[in-house]
Amino acid sequence: MERKAVFLDIDGTLVGFDGRMPESAKKALEQARRNGHKMFICTGRPYGMVDPWLLGLGFDGVVASAGAYVRTRELVVFHQTLELAYVRQVMAVIKDHGALFMLHDRDHCYLSPGFYQFMEARDGNMGKKGKRMPGEVMFEEGMELPKELESLDYFGADITVEEIQAILEEKMPGYFAVTGSSFGSDHTYCGEITRRGTTKGSGMEKMLTHFGMCQADSIGVGDGMNDMDMLRYADMAVAMGNSVEPLKELADLVTDPIDQDGLWNGFRKLGLI
């Protein structure tokens with residue numbers, strides 16, 4: 001089989017929402033790399049929120065912050081940040097609609113006070129786990145905005161993702177894109193806000209160009225709404241069995257759920273291992 005570039009989401013694809021990677025997934029990655037294929041993380045998380053043990057598995061590169069930060073093991077290929085004046089407007093909108101936020105720069109996430117209490121009330125166990133994300137900081141009242149923000153998430157708005165998008169489009173035409181959140185189960189009142197035109201797909205393209213590969217060499221594997229652009233761009237689109245339905249409908253292949261050897265079985269069907 002010709003060399004492929006495989007782009008993999010983290011939560012729900014590489015690891016379960018308990019933060020653990022199935023042993024079969026780890027073996028699939030190792031064997032595919034031995035067979036000459038390139039393995040890339042492709043995530044909405046900022047680079048600093050990718051667990052060090054995950055980076056230590058030998059990935060060839062990372063597309064982070066939904067395409068805003070692209071790097072190989074050592075080289076930064078692409079880095080895009082948001083205009084702070086626009087970020088302030090976004091924060092005002094989501095606060096007006098009762099939402100908590102999570103701001104991302106390369107190395108940190110900045111959380112609204114009360115974030116974990118909200119997640120515990122919503123999902124039952126998130127808050128009880130304590131601080132599980134590397135690089136997180138509580139964004140207290142009066143703190144200055146970090147200078148190189150890449151994206152932001154919000155949680156618990158009183159209006160839908162589509163309504164938030166419409167407000168931002170009116171205030172800042174063409175600048176932001178809003179998608180349903182991949183963090184938790186609520187994709188309607190929780191969202192991810194990124195620079196329009198900068199997506200997991202655009203990050204994949206930059207990574208492929210860097211390695212002298214093309215779109216026809218690409219495989220995308222994901223499970224959430226924020227993986228739609230990744231699967232649309234990939235030559236071979238793979239949805240995990242635990243994926244949201246719109247992603248399954250888009251996929252060329254639906255493999256098994258993550259906790260049923262989904263990654264291993266998918267790699268075997270694709271001929272990567």
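All figures in this text were calculated on a predicted structure; none of them were measured in a lab. Worth knowing before you read on, the calculation uses all heavy atoms, side chains too, and leaves out hydrogens, waters and symmetry mates.
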Ignoring hydrogens and angles, state whether a donor on the side chain of [X] or [Y] is under 3.5 Å from an acceptor on the partner side chain.
X    : Y    : answer
R71  : Y69  : yes
S65  : H104 : no
E150 : H79  : yes
E148 : T81  : no

Measure the shortest side-chain to side-chain distance between [X] and [Y] over non-hydrogen atoms and say whether it is less than 4.5 angstrom.
X    : Y    : value
F59  : L14  : yes
V6   : F267 : yes
M213 : R3   : yes
T43  : V63  : no
L8   : C42  : no
I94  : L100 : no
Y86  : V90  : no
D256 : W264 : no

So, taking the atom named [atom1] in [X] and the one named [atom2] in [Y], what distance separates them when rounded to the nearest 0.5 Å?
X    : Y    : atom1 : atom2 : value
L75  : H210 : CG    : NE2   : 5.0 Å
D18  : D11  : CG    : CG    : 10.0 Å
R88  : M91  : CZ    : CE    : 9.0 Å
Q165 : T160 : CD    : OG1   : 10.5 Å

Give the intermediate values and the outcome of side-chain hydrogen bond (donor to acceptor under 3.5 Å, both in side chains) for residues D229 and T199. CA-CA 6 Å; D229 287 311; T199 67; 4.6 Å; no

Is there a side-chain hydrogen bond (donor to acceptor under 3.5 Å, both in side chains) between E192 and N226 once you walk through the steps? CA-CA 8 Å; E192 301 181 6; N226 74 340; 3.1 Å; yes

Given the ring of F176, does R195 sit roughly above its face, with NZ or CZ under 6.0 Å from the centre of the six-membered ring and within 45° of the axis? no

Would you say the side-chain atoms of [X] pair up with the backbone N or O of [Y], donor to acceptor, closer than 3.5 Å?
X    : Y    : result
D227 : D223 : yes
S218 : D235 : yes
S112 : F115 : no
E169 : G174 : yes

If you apply the rule salt bridge (charged side-chain N to carboxylate O under 4.0 Å, His left out), what do you find for K27 with E30, and how did you get there? CA-CA 5 Å; K27 291 178 181 177; E30 292 171 352; over 6 Å; no

Any salt bridge between D9 and K200, counting N to O under 4.0 Å? yes

Look at K38 together with D60 and state whether they make a salt bridge at an N to O cut-off of under 4.0 Å. yes

Would V161 and T179 count as a side chain to side chain contact (heavy atoms under 4.5 Å, CB included) here? Give the steps. CA-CA 7 Å; V161 163; T179 57; 5.7 Å; no

Should the ring pair F139 and Y110 be called parallel, tilted or perpendicular, given that the plane angle runs from 0 to 90° and is split at 30 and 60? perpendicular

Are F211 and F40, when compared by the centres of their aromatic rings, separated by less than 6.0 Å? yes

Other residues, nucleotides and ligands only: do more than 12 of their heavy atoms fall within 6.0 Å of NZ on K171? no

